Structures are given as structure tokens and as C-alpha cells.
Q: 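The structure that follows is given in the form of C-alpha cells.
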Amino acid sequence: MNPLTEGGYAADLEANQAKRRDGFRLPIVKFRRRKEEEENMPGKGEYENLDEVSSTHGEVTIDTRNGLQQLEKDTSEDTFTVEDAVEAIGFGRFQIKLSILTGLSWMADAMEMMILSILSPQLLCEWQLSSWQEAFITTIVFVGMMVSSSMWGNICDRYGRRLGLFFAAVWILYFGILSAFSPTYIWIVLLRGIVGFGIGGVPQSVTLYAEFLPRKQRAQCVVFLEIFWAIGTCIEVVLALVVMPTLGWRWLLIFSAIPCLIFAISCKWLPESARYHVACGESEKAQNTLKKIALENNSPMPLGKLVLPENTEKRGQFKDLFTPQLRLTTVLLWFIWFANAFSYYGIVLMTTELFQAEDSGDANFCSANQKDHALFKCYAGCKYLNRKDYTDLLWTTVAEFPGLLVTMLIIEWLGRKRTMALEFVVFSFFTFLLLTCGGRTWLTIFIFIGRAFISGAFQAAYVYTPEIYPTTTRALGLGTCSGVARLGALLTPFVAQVMLKSSIYLTVSVYGTICLLAAVACLLLPIETKGRSMQETGQTTQPQPR
């Protein structure tokens, strides 16, 4: 249907005119055609008044070339926020395109992280490393991420989300390829640490993405990004299965950096956040961005003046994370993110370790008459991952997809807090079941379910965190949470790869207990963000009824 016909706009207006925010009714008023368009169209004349909201509102012209233009009466007394505009415009073609663009960064991140569980066992044998040196190859990446996460958040709050993401992608691409030429252990550690420094900026894609999403679709869309993460991890395992036996780990590092190149190029089409422009006091740029989105989605937007928040010069200040309204939330979120990363990367690293132990013939490691360290007696030498190991690793990696589906189904029903708590509890339960040791099949099933739920809890945290922080500190808030998460991730190799060789019981108990405590922390969060608008400044952040 032609969007300039009466029926086409009637359908659009009916979908938008009922939207409200804090008692404010969006100013959808009557529309009319341009004179030059009326001459070539049936049904000449003005549209009937579809929604006479306010006598102060003027008429607007539908202009498919320049978007919506205000005519005749002055509506400067009317105001709206970016939140109002995002809700009025709704979900459409623009958000779908943005999902793909930000998903590319998520896929690149997943491949760079998944390679850690494949690279470490290979170098352990090839360079005859100790278990501590093997663990440090993984740990150094997370050290770089931890150091840089807050810095990238500060950059994105001060200079823009798009600029920060572009430089992060170029950084990962350059040093990721350079690390493939590492001649010694010291060089691989140094260069992979620098790669980790760049990876610390990738989570800011979630900040940009969430700021363009209406409340109704925000949770499902942010969780939807997990599809790209899951695809990235599966591609990495398949790539390793093909490349490692023939070309080796150096070519695997080069091929794994290609998604960063694709994302860096695609940043040309990545929009800057309208919320960021408003926080900078650049209302004209924000309004132009919103008009382009409205035109792309074929939707009207509110009339009037775009409201700027107070104190727009105060952006990206660390102390704002510890205001009375946010202090408890920040501390609890830091522990939740720590537990997420510690447990998620722990189960990923344990998978290859446990599969190698099974292949060595020490499957009954939980026997009452067998000491824990007997499980890993074969590690006096070393063992390369074989085709069966890669196949089972792929099966456990596929667990990310059902974890995503479960999270999408329950996050709007249970809310963000209860969803995270439930998934932490389920992960703990199936982690403890690893001690039952029913053989390779049951081991794979328990890891599959555990990984599904911990990946879901991780993604739910990505939904909650941008929603709880105001625009002026949103990127910094997410960045600090990501930085604390990397602290958990840099510690987990010494549990999953070093402690596991001494005591399977102690290792499983550490992961299970930390996630049970994280479940409690989720329930203690003071604000449930389900159905809550994204705040522009910290001054408007108020606890909502639980």
C-alpha cells in the first residue's frame, strides 16, 4: 500500500497514537498531503482529524523526501524526550539493520574469546608449557579487557559510541593478525594481552543498540544479540576443526580476525546514539537522527521541541556510579558480572580439559577409591584435541541457542532480576551434577545445560545494566561492569585449568557456590527495570515497585 494513501497512514497512526509515557500523550495530529502530490492521487483533500489531542498542535505535511515537517501553528510549547520519540517511532526496519550491524561486533568478540579454549591446549603441547603458562595465555586476554573496559566506556560517553566501537574493531583486527606471527611464548602473551585491551570496547555495542530500542522490544532484542555470539562461537569451533589439522593455529588466529574487519567497514552505516547527542547538548543532531529513523520505519514522531537534560556537561564521571540512588545497584551488579564471566568462561575452559581427561581413559574420576589428581595423571605429557573433542565442543557450544531461547521467553514474564537468579541456580545445579560422572555422554549433557543457562544469565545482565544507568553514565556503567567481569574471567583459568588438575570436587564447588551467591545478589537488586523507560540523567532515577 502506498504510504501516502489515507488507509496506510491510518494504520500507522492507530499503532502509535495510544502510546503514553508518564501520562504524556504523544502529539499525533491530523495530516494532509502536499499539493503537488494531491494532483496525482485519488481522494484529494485533507485527512480527517484522527486524534485531536491538543488545540495547540498544528498540522504537519507528509514528505517522503524530507521526513515530517511542521507547518502553520507554533508548537514550541510542546516538548518531548528521546524516549518519547523512540517509543513513538517504534520498532521497524532501522532496528533490524542495527541488530545486524551490532551483531557483527558480537560475533567478532565471540570468536576471539572462543579461540582461547582451543589455542591454550595446542600451545601447551607445541611449546611444552606448564599448566600455569597455559592458563596465563587465557588470563592475559582478560587482564587487557579488565584494564580497558572502563576506559572504552569513558571514551564512548565523551566522544560517542560509534567512534569508540570503530577504534576497538581496528585495534583487535591489527593486533589479532599480528599475534599470529608470535615467535615465542612471551610474544603470544604480550600480543594477546593487547588484543584483550581492544576487546574491552566491544560491549559498548550493547549500549548503542539498547538506546534505540522501544521498551516493549528492548529485552528480547538485546537477548537476540546472543544469536550472533552463539553463531560466532560455533563458527570458531568449525573453523578450528578445518584449519588446525592442516594450516595450524597461526592461520586460525588470522581467520578469526576477519569479522573485526567486516565490522570496522560496516561502522560507516552505524548511527551515533541520539541519546548521546542529547546528553552532549546537541539537540539538532539528535533530532535529525530521529527523523531519519522515523522515515526509515515509515512512522510519525512527536511534534514540538526536543528536551535536553540538565548538567549535560557532566558525562562519564566515575563518582556518578555511586550516587545514593545507584550505589547498592553498582556494587551488586559488579558481583553479578564477576560471577557471570567467572562461570561462563570457566565452563568453556573446563570442557576441553574434561574431554581430554575422558580420552585418556581416566573417566571414572569420581570413584570413591580414586584420588582426584588421578584424573589428570596423563598430563605428565600432553594431548592434542582430536576430531571427537572438536565435535563434542561444538555440541556444548550449540547450547548457547536454547539458552537464548529460554531467556527470551521468560525475561518479560519473570523480569530481569528473577530471570538472572533462576539461571544462576540452574547452572549451579548442573555444575554439581558433574561430580556424578556418568560417562562421556552425561558429561556432555550436563555441560550443555549448564552452559545454556549461564550464557542466558550473562545476556540478561546485558539487558538490565543499560536500563538501570542514565544516558550520562550508561557506557561507563556498562564498561565498569564489563571490567569487573574480566577480573572473574582472568581468575577462572587458574581454577578451570590449574585447580581442576588437583581437585575436581573443589573446582566444581567454587563455581557452584559463587553462582548461588550471585542468584541472591540478583534478588537484592533494588530496581526491576522491566517496562521501565531508559533514564536520561541520574536525577530521574527512582526505584520502581518490585
Side-chain angles (χ1 to χ4, degrees), residues 102-103 105-118 138 142 145 199 202-203 205-206 209 219-237 333 336-352 392-411 414 416-431 433-434 444-465 478 481-482 485-486 488-489 492 496 511-512 514-516 518-519 522:
T102 54
S105 70
W106 220 229
M107 184 187 300
D109 188 11
M111 293 181 68
E112 291 292 342
M113 301 313 301
M114 189 63 197
I115 200 174
L116 298 176
S117 63
I118 300 169
T138 301
F142 294 115
M145 296 170 70
I199 296 176
V202 175
S205 61
V206 179
Y209 185 50
Q220 287 87 352
C221 288
V222 173
V223 174
F224 176 77
L225 286 182
E226 177 73 9
I227 287 181
F228 291 93
W229 178 279
I231 292 173
T233 54
C234 291
I235 290 175
E236 188 63 38
V237 176
L333 276 178
I336 291 167
W337 278 73
F338 174 91
N340 263 318
F342 181 80
S343 303
Y344 175 82
Y345 293 112
I347 197 72
V348 170
L349 295 174
M350 276 202 302
T351 300
T352 52
D392 287 343
L393 183 59
L394 179 61
W395 276 113
T396 58
T397 302
V398 170
E400 309 254 348
F401 290 100
L404 160 69
L405 179 61
V406 169
T407 303
M408 290 183 69
L409 291 175
I410 68 176
I411 196 166
L414 292 179
R416 283 61 160 151
K417 293 164 49 178
R418 292 188 180 94
T419 295
M420 288 189 290
L422 174 63
E423 290 179 323
F424 274 126
V425 170
V426 175
F427 170 80
S428 295
F429 177 75
F430 282 95
T431 299
L433 285 181
L434 291 175
T444 303
I445 291 174
F446 293 153
I447 293 176
F448 181 96
I449 299 175
R451 182 163 174 176
F453 279 91
I454 194 60
S455 64
F458 213 155
Q459 201 63 16
Y462 272 105
V463 174
Y464 182 88
T465 305
L478 183 65
C481 286
S482 180
R486 306 317 163 189
T492 203
Y511 286 114
I514 285 181
C515 282
L516 289 177
C522 292

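Because the structure is a prediction, the values reported are computed rather than measured.
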Q: Identify the two heavy atoms, one from Cys522 and one from Met420, that lie closest to each other, and give their separation to 0.1 Å.
A: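 Answer, listing the atom of Cys522 first, then Met420: SG-CB, 3.5 Å.
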Q: How close do Phe448 and Pro402 get, counting heavy atoms only, and between which atoms?
A: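 For Phe448 and Pro402, the tightest heavy-atom pair comes out as CZ-CG, 3.8 Å.
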Q: Sub-3.5 Å donor-acceptor pair from the side chain of Ser343 to the main-chain atoms of Asn340, do we have one?
A: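 Looks like no, no N/O pair under 3.5 Å.
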Q: Working note: Trp106 + Tyr462, criterion side-chain contact (heavy atoms from CB on, under 4.5 Å); need CA distance, chi angles, decisive distance, verdict.
A: CA-CA 12 Å; Trp106 220 229; Tyr462 272 105; 3.4 Å; yes
Q: Out of curiosity, Leu422 CG to Thr407 OG1, how far, rounded to the nearest 0.5 Å?
A: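 That separation rounds to 9.5 Å.
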Q: Considering residues at least two apart in sequence or located in another chain, which fulfil the ring pair (Phe, Tyr, Trp, His ring centres under 6.0 Å) criterion with Tyr345?
A: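 Residues passing ring pair (Phe, Tyr, Trp, His ring centres under 6.0 Å) with Tyr345: Phe142.
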Q: Salt bridge (charged side-chain N to carboxylate O under 4.0 Å, His left out) with Arg451: which residues, sequence neighbours excluded?
A: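 Expected list: Glu400.
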Q: With the side chain counted from C-beta on, respond yes when Ile347 and Tyr511 share a heavy-atom pair under 4.5 Å apart, and no when they do not.
A: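 Heavy-atom side-chain distance check fails, nothing below 4.5 Å.
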Q: Could you give the distance from CG (Leu405) to CD1 (Ile227), rounded to the nearest 0.5 Å?
A: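 It is 9.0 Å, given to the nearest 0.5 Å.
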Q: Which residue in the set Phe427, Trp229, Tyr344 passes side-chain contact (heavy atoms from CB on, under 4.5 Å) when paired with Ser455?
A: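 Result for side-chain contact (heavy atoms from CB on, under 4.5 Å) with Ser455: Tyr344.
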Q: Residues in salt bridge (charged side-chain N to carboxylate O under 4.0 Å, His left out) with Glu112, at least two apart?
A: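 If we apply the salt bridge (charged side-chain N to carboxylate O under 4.0 Å, His left out) test to Glu112, skipping adjacent residues, the hits are Arg192.
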Q: Do you know the tightest heavy-atom contact between Met111 and Gly232?
A: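 Closest heavy-atom pair between Met111 and Gly232: CG-O, 3.2 Å.
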Q: Roughly how far apart are Met408 CE and Thr419 OG1, rounded to 0.5 Å?
A: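 Separation between the atoms: 12.5 Å.
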Q: Enter the distance from Phe338:CZ to Thr492:OG1 here, rounded to the nearest 0.5 Å.
A: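 Rounded to the nearest 0.5 Å, the CZ-OG1 separation comes to 8.5 Å.
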Q: Which distance, rounded to the nearest 0.5 Å, do you find between the CE of Met107 and the CD1 of Ile235?
A: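 The CE atom of Met107 sits 5.0 Å away from the CD1 atom of Ile235.
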Q: Set out, in order, the CA-CA distance, both residues' side-chain angles and the distance that settles side-chain contact (heavy atoms from CB on, under 4.5 Å) for Phe429 and Val425, then state yes or no.
A: CA-CA 6 Å; Phe429 177 75; Val425 170; 5.6 Å; no
Q: Between atom CE of Met114 and atom CG of Asp109, what is the distance when rounded to the nearest 0.5 Å?
A: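 Going from CE on Met114 over to CG on Asp109, the span is 13.0 Å.
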Q: Using side chain to side chain donor-acceptor pair (under 3.5 Å) as the criterion, list what pairs up with Tyr464, not counting sequence neighbours.
A: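 Scan of Tyr464 (side chain to side chain donor-acceptor pair (under 3.5 Å), adjacent residues dropped) gives none.
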Q: Work out which heavy atom in Gly512 is nearest to a heavy atom in Thr431; give both atom names and the distance.
A: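 Where Gly512 meets Thr431 most closely, the heavy atoms are N-CG2, 4.5 Å.
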Q: Could you check whether any side-chain N or O of Ser428 sits under 3.5 Å from a backbone N or O of Phe424, counting only pairs where one atom can act as donor and the other as acceptor?
A: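 At least one qualifying donor-acceptor pair exists.
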Q: List in chain and number order the residues that pass ring pair (Phe, Tyr, Trp, His ring centres under 6.0 Å) with Phe430, two or more places apart in sequence or in another chain; answer none if no residue qualifies.
A: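 Testing Phe430 for ring pair (Phe, Tyr, Trp, His ring centres under 6.0 Å), a comparison that skips the adjacent residues, returns none.
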Q: With side chains defined as the heavy atoms from C-beta onward, is the minimum distance between Ile454 and Cys515 less than 4.5 Å?
A: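 Yes; the side chains approach each other to less than 4.5 Å.
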Q: Residues two or more places apart in sequence or in another chain: which of them pass side chain to side chain donor-acceptor pair (under 3.5 Å) with Ser105?
A: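 Residues passing side chain to side chain donor-acceptor pair (under 3.5 Å) with Ser105: Ser205.
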